[in-house]
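Read the structure below first, then the notes.
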Amino acid sequence: MLKKTTPQKFLKVLEIHLAEHCNLYCFSCSHFSQLAKEAYYDLKEFEQDIKRLKVLTKGNIERFHLLGGEPLLNPDVLKYFALLRENFTHSHIWLITNGILLLKQDESFFQTCSKLNIELHPTKYPIEIDWQRVDELCKRYKVTLKFYNNAKIEKNSMKFVLNLEKQNDIYESFTQCFMSNFCVQLKEGKIYTCNICANIEHFNAKFKTTLMPSDEDCIDIYKAKNYEEILEFLAKPIPFCAYCDVKNWKSIGKWKRSEKSINEYLI
Ligand code: SF4
Ligand code: SF4
């Protein structure tokens, strides 16, 4: 609990969606990407946001996760890599992908990853992918390849239960939540303490609900005075936590695909 509510000294991880949508439709995705329509982080906006972040943090972010949705659906993925590396020369940059499109990438993809030190950290799902071939390519181009999850254990599906009536205690939800102050996400000039709040728009659009984040649920990087203000904000419960029924989040066993039903998020 103390860890959740203690501001980090600097951001250990910052997640950024390069694509909102996905080509693998997982049950109860915590980014709601199986529900999302095709959309990308606008490249110009991304550049501005990254430059502003560099000023605020003085380049002190340990690691970026470029993900989504499926980041490799973004046709300009190499341009995002270049912009990020240009501004954050010392940070680790991980591409977190489901791997489906990895073998469709051409030589320039692997060469750029090698040159800019972009590491590949795929999540291994129980789907057919020739990982040996991916490994060979990574070795050939000297690209780091390491699975994000434990590749030897079959992936489970989680159920992320929401309370549409917003009736949960925000302190309890926040302190019990594994995402709070950890799965921190940058999206369109704002920073969120978790993926659920940052991406709820896809849930709302699909199910015609109104679980709207307010100005108190995120921090605007253009209004924040300094890095400390952001780090302190991320270590506090937000009003949106009242929607999360964290005590009922659970593994439902073997990984399965989504049927895009609201029941995947209801008790
Ligand atoms: S691969 Fe990841 S982003 Fe895509 S639906 Fe599955 S959990 Fe969500
Ligand atoms: S809104 Fe609060 S409880 Fe829900 S995922 Fe985010 S931090 Fe966790």
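Model, not experiment: these values are computed from the prediction. Atoms within a ligand are numbered from 1 in the order they appear, just like the ligands themselves.
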Face-on cation placement of K260 at Y25 ring, 6.0 Å and 45° thresholds: yes
Protein contact to atom 3 (S) of ligand 1 [nearest heavy atom, distance to 0.1 Å]: G69 N, 3.6 Å
Pair D49, Y41: side-chain N/O donor-acceptor within cut-off below 3.5 Å: yes
Residue pair N181 / T193, side-chain donor-acceptor N/O under 3.5 Å: no
Total protein N/O/S atoms whose distance from atom 4 (Fe) of ligand 2 is less than 2.8 Å: 1
Parallel, tilted or perpendicular: ring planes of F32 versus Y265, cut at 30 and 60 degrees: tilted
Aromatic ring pairing F110/Y141, orientation class (parallel under 30°, perpendicular over 60°, tilted between): parallel
Pairs satisfying side-chain hydrogen bond (donor to acceptor under 3.5 Å, both in side chains), at least one member in residues 148-176, at least two apart: N156-S251
Centroid-centroid under 6.0 Å between F10 and Y227 rings: no
Neighbour count above 12 (heavy atom, 6.0 Å) for K3 NZ: no
Sub-4.0 Å heavy-atom contact, W249 with ligand 2: yes
Nearby protein N/O/S atoms (those under 2.8 Å) for atom 6 (Fe) of ligand 1, with water ignored: C26 SG
Criterion salt bridge (Lys or Arg N to Asp or Glu O under 4.0 Å) on K51 and E47, from CA distance to verdict: CA-CA 6 Å; K51 286 190 166 153; E47 183 173 9; 3.0 Å; yes
Sequence neighbours left out, cut at 3.5 Å: what donor-acceptor pairs do the side chains of residues 123-130 make with other protein atoms?
residue, atom, partner, partner atom, Å
D130, OD1, Q132, N, 3.4
D130, OD1, R133, N, 3.1

